[in-house]
Amino acid sequence: MNVLDLDQLRTFVAIAEVGSFTAAADVVHKTQSAVSMQMRRLEDRVGKPIFSRDGRQSRLTEDGRRLLEYARRLIRLNDETLAAFEDPGLTGSVRLGIPDDYADRLLPPVLAGFSRINPLIEITVECQRSVTVSDMIRDGRLDLGIINHGYYGSMRGEVIRREPLFWVGSRDHSVHELDPVPLALGPDDCCWRANVVRALDREGRRFRVAYISSAALALSGAVLAGLAVSVLPESALKANMRILGLREGFPELDPAEIGLLRAEHAKSPIHEALAKHIATSLGNLGAADQALNLAAE
C-alpha cells in the first residue's frame with residue numbers, strides 16, 4: 001500500500017502557494033532538483049499528474065487541486081498531534097494583534113486549532129491596522145502580531161505566508177471599465193496602496209481614489225456595491241467579487257506577505273507555542289482556496 005510522505009506534501013504545498021518549483025525550493029530549503037525529484041515521486045504515489053506547466057509557472061491540475069486540500073489537512077493534523085505532546089500543560093495568557101484583512105478568514109481556524117491543543121491558554125485578540133499592531137508590539141502592549149509584511153519597518157520578524165494580491169470588482173457591476181477607474185484603498189501609509197499606484201502608473205492607467213478606509217470590511221463593501229475597484233489578498237476574497245487581470249487592463253501586483261512579529265519580552269514557552277502554531281497553520285490553511293472558489297462561483 002502506498003504511504004504519503006509528509007516532507008513531499010510540504011514541498012507540494014509550497015509549490016502550490018508560490019507558483020513555481022524554483023521559488024518553492026527557497027521556501028523548503030532544498031535544491032530545485034531535489035524539489036523536482038520529490039514531486040515526481042509524489043505523482044508516482046498518487047498515480048496521477050498533479051502539475052501542468054504554464055510558462056515559468058507550475059499550475060495544479062484538477063487532481064493536484066484535490067490533493068492540495070488533503071495535503072494541508074494531513075500536515076496540519078501531523079503538526080497538531082506532535083504539538084499536543086510537546087507542551088500538554090501550558091497555562092497562561094497571550095495578547096495577539098491582527099489586522100481585519102486577515103481576522104475574518106484566517107484567524108478563526110488558527111485559534112481553534114491552538115485551543116484544542118492548549119485549552120488552558122487564554123488569548124486576547126486586538127484587531128488593529130498592521131502599523132498599529134507593529135507599534136503595540138514595539139511598546140510591549142502586545143506579545144505577538146500578525147501583520148502585512150510591508151509594515152515591518154526596523155523590527156525583526158518572519159514572513160509566514162505569501163499569497164497573490166488581486167484586483168477585485170463586483171460581479172454584478174462594470175465599474176472596472178470606467179476611465180479613470182475609481183479605487184477603494186487604505187490610507188496613504190498602506191503598503192498595498194503604494195503597490196497599486198506603482199502598478200497603474202507603469203501601465204499608464206488613469207485612476208482616482210474614491211474611497212479611503214483602514215477597515216477591510218468598508219473597502220469590500222464599496223467593491224460589492226459596484227462603487228470602486230480594490231485589491232485584496234487571496235484569503236480575503238468574498239462571494240460575488242470578480243477577479244480582474246490583464247484582460248481588463250489591470251497589471252499583475254506583487255504578492256501579499258503575512259508577517260509574524262514578536263515583542264522583546266515574548267520569550268516564554270506560551271509565546272513560543274502560539275508563534276509556532278501560527279507560523280505552521282497559516283502556511284497550511286486551505287482558506288485561500290475556499291475564498292478563491294467563492295470568487296469564481
Side-chain angles (χ1 to χ4, degrees), residues 2-83 86 102 106 109-110 113-114 117 144 146-150 152 156-165 233-235 254-262 272-292:
N2 285 338
V3 178
L4 291 173
D5 184 302
L6 282 176
D7 189 48
Q8 292 174 3
L9 293 179
R10 290 186 191 277
T11 301
F12 168 64
V13 170
I15 296 170
E17 290 180 347
V18 301
S20 74
F21 282 41
T22 302
D26 293 333
V27 173
V28 298
H29 307 294
K30 299 181 186 298
T31 64
Q32 185 173 347
S33 60
V35 167
S36 298
M37 177 65 73
Q38 279 193 314
M39 292 307 94
R40 285 195 295 270
R41 290 175 176 171
L42 182 57
E43 286 187 324
D44 288 343
R45 278 187 167 86
V46 300
K48 296 182 181 295
I50 55 179
F51 289 105
S52 61
R53 302 295 295 183
D54 182 8
R56 295 184 178 181
Q57 298 293 306
S58 298
R59 302 193 180 276
L60 298 180
T61 63
E62 183 62 33
D63 289 314
R65 286 191 289 272
R66 289 175 55 208
L67 177 61
L68 182 60
E69 179 183 352
Y70 288 111
R72 283 171 166 154
R73 287 162 57 188
L74 286 168
I75 293 169
R76 185 162 63 249
L77 180 58
N78 173 82
D79 294 342
E80 287 185 4
T81 301
L82 292 177
E86 287 177 357
Y102 300 115
L106 296 189
V110 171
F114 185 77
I117 300 168
L144 300 172
I146 300 171
I147 66 169
N148 294 321
H149 184 242
Y152 272 14
R156 297 181 60 187
E158 62 173 321
V159 176
I160 56 176
R161 182 183 178 92
R162 291 181 177 87
E163 58 184 28
L165 189 62
E234 186 179 39
S235 58
D254 295 334
E257 295 184 329
I258 301 177
L260 178 64
L261 290 180
R262 186 187 304 203
E272 184 63 34
L274 181 56
K276 182 178 179 181
H277 180 81
I278 289 172
T280 300
S281 297
L282 286 187
N284 297 333
L285 280 178
D289 300 302
Q290 296 166 10
L292 189 56

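Side chains are part of it too, since the values below use all heavy atoms of this structure and drop only hydrogens, waters and symmetry mates. Bear in mind the structure is a predicted one, so any value in this text is a computation, not a measurement.
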- Message: Would you say that Lys30 contacts Thr11 through its side chain, given a criterion of any heavy-atom pair below 4.5 Å between the two side chains?
- Response: yes
- Message: Quick test of your reading of the model: are Glu43 and Arg40 salt-bridged, counting only N-O distances below 4.0 Å?
- Response: no
- Message: Looking at every non-hydrogen atom in both residues, tell me the closest pair between Val28 and Arg10 and how far apart they are.
- Response: CG1-O, 4.3 Å
- Exercise: identify the closest heavy-atom pair between Ala71 and Leu9: CB-CD2, 3.9 Å
- Note on the structure: Separation between CG (Asn148) and CD1 (Ile258), nearest 0.5 Å, reads 7.5 Å
- Can you tell me how far OG of Ser20 sits from CD of Gln32, rounded to the nearest 0.5 angstrom? 7.5 Å
- Exercise: identify the closest heavy-atom pair between Thr61 and Ser52: CG2-N, 4.0 Å
- Message: Minimum heavy-atom separation for Gly64 and Phe12, please, with both atom names.
- Response: O-CZ, 3.3 Å
- If you look at every heavy atom in Leu260 and Ala275, which pair is closest and at what distance? CD2-O, 3.7 Å
- Message: Could you check whether any side-chain heavy atom of Glu272 comes within less than 4.5 Å of a side-chain heavy atom of Arg262, counting everything from C-beta outward?
- Response: yes
- Query: Quick one: CG on Asp5 to CG on Leu74, what's the gap to the nearest 0.5 Å?
  - Reply: 11.5 Å
- Applying side chain to side chain contact (heavy atoms under 4.5 Å, CB included), run through Leu42 and Leu4 and close with a yes or a no. CA-CA 8 Å; Leu42 182 57; Leu4 291 173; 3.9 Å; yes
- State the OH-CD distance between Tyr102 and Glu163, to the nearest 0.5 angstrom. 5.5 Å
- side chain to side chain contact (heavy atoms under 4.5 Å, CB included) assessment of Phe114 paired with Ile278: CA-CA 8 Å; Phe114 185 77; Ile278 289 172; over 6 Å; no
- Item | Working for side chain to side chain contact (heavy atoms under 4.5 Å, CB included), residues Asp63 and Val46 | CA-CA 9 Å; Asp63 289 314; Val46 300; over 6 Å; no
- Query: Where do Ala14 and Ala24 come nearest, in terms of heavy atoms and distance?
  - Reply: C-CB, 3.9 Å
- Task: Determine, step by step, whether Thr31 and Ser33 satisfy the side chain to side chain donor-acceptor pair (under 3.5 Å) criterion, reporting the C-alpha distance in whole Å, the side-chain angles of both residues, the deciding distance to 0.1 Å, and the verdict.
- Result: CA-CA 5 Å; Thr31 64; Ser33 60; 3.1 Å; yes
- Message: So for atom CZ, which belongs to Arg66, do other residues, nucleotides or ligands contribute more than 12 heavy atoms lying within a distance under 6.0 Å?
- Response: no
- Query: Out of Asp79, Thr81, Ile75, which one pairs with Leu77 under the side-chain contact (heavy atoms from CB on, under 4.5 Å) rule?
  - Reply: Thr81
- Query: Do the side chains of Leu165 and Asp254 get nearer than 4.5 Å, heavy atoms only?
  - Reply: no
- Residue that, paired with Ile50, satisfies side-chain contact (heavy atoms from CB on, under 4.5 Å) out of Leu68, Leu67, Leu60: Leu67
- Passing option when Arg162 is tested against Glu257, Glu234, Glu17 for side-chain hydrogen bond (donor to acceptor under 3.5 Å, both in side chains): Glu257
- Query: More than 12 non-hydrogen atoms from neighbouring residues, nucleotides or ligands closer than 6.0 Å to CZ on Arg45, yes or no?
  - Reply: yes
- Item | Audit row: Met39, Ile15, side chain to side chain contact (heavy atoms under 4.5 Å, CB included) steps and yes/no | CA-CA 10 Å; Met39 292 307 94; Ile15 296 170; 3.5 Å; yes
